[in-house]
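The block underneath contains the structure these notes are about, expressed in structure tokens.
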Amino acid sequence: MSGLGQFTMLLVINLLASVVALADVGRPNLVIIVVDDMRWNEYGAAGHSYAKTPNIDRLAENGITFNAAYAVSPLCSPNRASILTGQYISRHGIVDNISRDLASHQLQLFPQALQQAGYTTAHVGKWHMGNDPTQRPGYDYWVSFPGQGRSINPELYENGKLTSVSGYMTDILTDRASSFIRAQKNKAKPFFLYMAHKAIHPDAKQNPDASIDRNYGVKYVPAPRHQGLYKDATYTRQENVIPYQQLHNKPVLKAALTAKHADAMKPWRAFLDLSAAEKTIRERAEMLQSVDESVGRVLNELELNGMLQNTAVLLTSDNGYFYGEHGLSVERRMPYEESVRIPLLLSFAKLTKPASSNNHFVLSVDIASTMLALANAEVGEHLQGESLLPLIDPAVKTPSNWRQSFLMEYVSYEKPMAWLVNTSYKSIRSGSYKYIHWISHPDKGELYNLKLDPFEKNNLIASPEHQIIVKELKAELRHLVADAIGL
């Protein structure tokens, strides 16, 4: 049995395991914190060169770190929809960052199931799947903002209206989240809070060339109190940080980056940060400081109100980010580890073992099933992910048939990333191997053995001794793609 279909028995095991694991914890409060564009190793406990993140580290110290967590599509809107629906992009239909107002109102979100199970639910922060101000289904309280938002004095969607608010976005969102938590004190119903930060995504920077989309560019905006915090720091780069001209065994990516550096892109040069400058990485780390403070405020609010012991807190990201690896900078989308790997931490005093970790493949589509299992709510058949509870509870033995392979996918679009046209892909990770199928370039695939080549420098696609593996991975990829769309 292949692909997602192999999990029929696993689903039964997961459900039984969930009952055992939750026998003594009741229905906990649930908090999900989504940091925008955060690499899997972009915090202190994960090994960042200089960023100090004591509050995010606290989650790792008191809970479990999933070391092999992946986004099923490494891009804001598609993967956010996957987190909230528990579905692959081929199923939920949010395949790019284009605003989809109508579609985003019709998504089958797991907070709807939590509401039906008796939870009070809140969305605070980035939505990015449609830009109308109205509340989305499944939420009792809904605060968001247009598109990517603005860091200083932002506009917010509150009570169905667009309003201007003074201050720094991360602090403003944290104020709303804290107020929601306080309002739940002594309430009979448990609550769910989905907190989606604008940080650490850059603000839009206008292009002076009126012939080009003006609302685009790279401009990281830390909170004023954190600006210059890391002004003398230097980030330790990975060995796969190379000029794009040296991508001899990545022909599709090399062609795309050649187009990015072509004369036609000259008006963008000041906005693209082609080298992932130290200044960019420093400002991202400074921007992350407000997120870390926000995590601390949320944890303290829970503790002050006597809720922390009965609250499961999960922190993740929508996708990773490139710091010059494979010639890429200020970018995600591409199917390499720096982009597709995401942080995933879960802390719940009644269930997680402190400072524990897990190396099994877990996916963004697993978050919905995990939250519903924690809540003892119905895990509908439309969900394509798995509950992570068998990996979390040390008292429950991990199923021997936990996923060994999974699908990642991306759909390219023209504006504003013209250089990425025709880079749509379907990719499979199976064991230590990753195979990348470029949809518009089926004869230019890529194969990597991540156990021997963790930085994906040696493309094995033409290696005679790997042709059987290529054939097997292509067959398994077909099954995964078919399962993702429900065939």
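As the structure is a computational prediction, the values presented were derived from the model and not from experiment. Along the sequence shown, residues are numbered consecutively beginning with 1.
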Roughly how far apart are [X] [atom1] and [Y] [atom2], rounded to 0.5 Å?
X      : Y      : atom1 : atom2 : value
Leu173 : His197 : CG    : NE2   : 7.0 Å
Lys189 : Thr121 : NZ    : OG1   : 8.0 Å
Tyr168 : His226 : OH    : NE2   : 8.5 Å
Ser144 : Leu162 : OG    : CG    : 10.5 Å

side-chain contact (heavy atoms from CB on, under 4.5 Å) evaluation trace for Leu407 with Tyr70: CA-CA 10 Å; Leu407 169 70; Tyr70 286 82; over 6 Å; no

Do we see a donor-acceptor contact under 3.5 Å between the side chains of [X] and [Y]?
X      : Y      : value
Gln112 : Tyr139 : no
Asn67  : Thr65  : no
Gln87  : His382 : no
Asn79  : Ser73  : no
His123 : Gln135 : no
Ser82  : His92  : yes
Ser339 : Arg333 : no
Thr234 : Glu278 : no
Ser412 : Ser424 : yes
Ser294 : Arg297 : no
His105 : Asp132 : yes
Thr370 : Asp366 : no

Can you find a heavy atom in the side chain of [X] that is under 4.5 Å from one in the side chain of [Y]?
X      : Y      : answer
Gln309 : Leu302 : no
Pro28  : Leu30  : yes
Lys126 : Cys76  : yes
Leu229 : Arg282 : no
Met38  : Tyr43  : yes
Phe192 : Leu374 : no
Met287 : Ser151 : yes
Pro78  : Leu75  : yes

Taking [atom1] in [X] as the centre, count heavy atoms belonging to other residues, nucleotides or ligands within less than 6.0 Å. Is the count above 12?
X      : atom1 : value
Gln245 : CD    : yes
Asn159 : CG    : no
Lys231 : NZ    : no

Check against salt bridge (Lys or Arg N to Asp or Glu O under 4.0 Å), Glu325 and Lys250: CA-CA 13 Å; Glu325 297 89 358; Lys250 293 179 172 64; over 6 Å; no

So which heavy atom on [X] is nearest to which on [Y], and how close?
X      : Y      : result
Ile94  : Ala103 : CD1-CB, 4.1 Å
Ile392 : Ile64  : CA-CD1, 4.2 Å
Gly130 : Arg136 : O-NH2, 3.4 Å
Ser77  : Asn97  : N-OD1, 3.0 Å
Ser387 : Ala373 : OG-CB, 3.5 Å
Ser364 : Ala71  : OG-CA, 3.7 Å

Near-ring test Phe145/Tyr157, centroid separation under 6.0 angstrom: no

Centroid-centroid distance, Phe180 to Phe191, less than 6.0 Å: yes

Worked verdict on Asn131 versus Asp101 for side-chain hydrogen bond (donor to acceptor under 3.5 Å, both in side chains): CA-CA 6 Å; Asn131 281 325; Asp101 292 349; 5.5 Å; no

Audit row: Leu84, Leu107, side-chain contact (heavy atoms from CB on, under 4.5 Å) steps and yes/no: CA-CA 9 Å; Leu84 284 166; Leu107 294 172; over 6 Å; no

From CA spacing to verdict: ring pair (Phe, Tyr, Trp, His ring centres under 6.0 Å), Tyr235, Tyr323: CA-CA 9 Å; Tyr235 189 80; Tyr323 285 167; 5.2 Å; yes

Before accepting this row, confirm whether a basic side-chain N of the pair [X]/[Y] lies closer than 4.0 Å to the acidic partner's carboxylate O.
X      : Y      : answer
Glu303 : Arg58  : yes
Arg332 : Asp318 : no
Lys434 : Glu337 : yes
Arg80  : Asp36  : yes

Derivation and outcome, side-chain contact (heavy atoms from CB on, under 4.5 Å), residues Gln115 and Asp140: CA-CA 8 Å; Gln115 274 188 328; Asp140 299 299; 3.1 Å; yes

Derivation of the side-chain hydrogen bond (donor to acceptor under 3.5 Å, both in side chains) call for Tyr220 and Arg284: CA-CA 6 Å; Tyr220 289 96; Arg284 283 174 60 86; 3.2 Å; yes

Heavy-atom donor-acceptor pair, Gln384 side chain to Tyr88 backbone, under 3.5 Å: yes

CA sep, side-chain torsions, deciding dist, call: Tyr119, Phe110, ring pair (Phe, Tyr, Trp, His ring centres under 6.0 Å): CA-CA 11 Å; Tyr119 274 69; Phe110 80 83; over 10 Å; no

Glu283 vs Lys219, salt bridge (Lys or Arg N to Asp or Glu O under 4.0 Å): CA-CA, chis, key distance, verdict: CA-CA 9 Å; Glu283 289 176 346; Lys219 182 184 179 184; over 6 Å; no

Worked check of side-chain contact (heavy atoms from CB on, under 4.5 Å) between Gln148 and Asp203: CA-CA 7 Å; Gln148 303 287 3; Asp203 284 27; over 6 Å; no

His326 vs Tyr336, ring pair (Phe, Tyr, Trp, His ring centres under 6.0 Å): CA-CA, chis, key distance, verdict: CA-CA 9 Å; His326 314 292; Tyr336 307 108; 4.6 Å; yes

Salt bridge (Lys or Arg N to Asp or Glu O under 4.0 Å) evaluation trace for Arg225 with Glu293: CA-CA 12 Å; Arg225 63 187 180 275; Glu293 290 177 355; 2.8 Å; yes

